[in-house]
Number of protein chains: 2
Amino acid sequence: MVTKQLGGLPEHADLTRADSLAREIFSDVANKWALLIINVLDDRTLRFSELRREVEGISHKMLTQNLRMMERNGLLVREVHPTVPPRVEYTLTEPGRALQRMVNGMCDWTQRYLGHIEGSRRRFDDA
Amino acid sequence: MVTKQLGGLPEHADLTRADSLAREIFSDVANKWALLIINVLDDRTLRFSELRREVEGISHKMLTQNLRMMERNGLLVREVHPTVPPRVEYTLTEPGRALQRMVNGMCDWTQRYLGHIEGSRRRFDDA
DNA sequence: CGGAATCCTTTAGGATACTG
DNA sequence: CAGTATCCTAAAGGATTCCG
């Protein structure tokens, strides 16, 4: 319970003082690999191997680890097709898609301010 | 929407295939401490010690380290008042504030889906 | 007070091998 | 193909101390 809300107007959630559950969830989610997986999954249904290929640079281990965590938190569903060879597919849930919109926002942000950031870095590194 | 490509229509940025600079920036920003600092700074101007108090659980070292990184990337400005004892204040820049809106969205998301996530976790942990 | 540097522990994460 | 387990190295991060 953690809103800065006092007067009644809906204020932004403040996780800096949040209870441990909210902080834990935020920590799970606010990590590079999870966010990149969400971004690439989008509204598609992808296999493990497809995700592995599309999330550039992720290792087999990190992918499984993050997929488990995201499934546990209800961000995506995992469907196993008992064929041989096995076929396992991942799809974002509604909460996952809600998050995905914000992740897309962050990606767009990165693109948009790329030049600004590059300049800021140069200035900083000179001094 | 998802056609993460190339035709010409404005699509969401896809950092999974992005150039190394964009990936680096995203990695800088998509980390727990940076996002919490952004969330607590909001539109205020805060001293180092105030941030230290408000970002619950952050260590002296992590705070300085992240503040340097965020200053370098132009997310915030650092103002030193040459008094004694020294007074150093931090304020989000416009790019920083743009990011902050999305971080707030993520915090709100966490609050909103807390119950859903808790339930999903229980179900997962039972199986 | 804010920051840098040091030391030391914990975790993240890669490589590899094995299983159904 | 997807997943698990093991080993091992690199990076994150806490505690502490010293400096302007």
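Order of the sequence lines fixes the chain letters, A, B, ..., with proteins taken first and strands second; residue numbering starts at 1 for each chain.
- With a 4.5 Å cut-off on side-chain heavy atoms, B/Tyr113 and A/Glu94 count as touching.
- Among the atoms of the strands shown, only primed sugar atoms or phosphate atoms (P, OP1, OP2) are found under 4.0 Å from some heavy atom of B/Arg47.
- When the P atom of C/dT9 is taken as reference, atom CE of B/Met62 falls 17 Å away, rounded to whole Å.
- Between the P atom of D/dA2 and the CG atom of A/Asn66 lies a distance of 17 Å, rounded to the nearest Å.
- Ion pair B/Arg97/B/Asp43 not flagged as a salt bridge, since none of the NZ, NE, NH1 or NH2 atoms sits closer than 4.0 Å to an Asp/Glu carboxylate oxygen.
- Atom-to-atom distance recorded for B/Asn39:CG and B/Gln100:CD is 7.0 Å, nearest 0.5 angstrom.
- You'll find that the side chain of B/Val88 is closest to C/dG3, out of D/dG3, D/dC1, C/dG3.
- As rounded to whole Å, 9 Å separates atom P of D/dA2 from atom NE2 of A/His60.
- Dashed line: the shortest gap from a side-chain N or O of B/Arg78 to OP1 or OP2 of C/dG2 is not under 4.0 Å.
- The interatomic distance linking A/Asn31 (CG) with C/dG13 (C1') rounds to 12 Å, in whole Å.
- Among D/dT4, C/dG3, C/dG2, the nucleotide with an atom closest to any side-chain atom of B/Thr64 is C/dG3.
- Within the 3.5 Å criterion, the main-chain N or O of B/Arg44 finds no donor-acceptor partner in the side chain of B/Asp42.
- A/Lys32 and B/Glu24 are not joined by a salt bridge, as no carboxylate oxygen comes within less than 4.0 angstrom of a charged side-chain nitrogen.
- If you take CD of B/Gln65 and C1' of C/dA4, they are 12 Å apart, rounded to a whole angstrom.
- Per the geometry, CG belonging to B/Asp28 stands 14 Å off C1' belonging to D/dA11, to the nearest Å.
- Contact annotation: A/Ser49 side-chain N/O to D/dA2 OP1/OP2 distance is under 4.0 Å.
- For the OP1/OP2 pair of C/dG3 and a distance below 4.0 Å, the side-chain nitrogens and oxygens of B/Tyr90 include at least one atom meeting the criterion.
- Here D/dG3 presents its P atom at 12 Å from CZ of A/Arg52, a figure rounded to the nearest Å.
- The distance from atom CE of B/Met69 to atom P of D/dA12 is 11 Å, rounded to the nearest whole Å.
- Each of B/Glu50 and B/Lys61 was matched to the nucleotide of DNA chain C holding its nearest heavy atom; the match closer to the 5' end belongs to B/Glu50.
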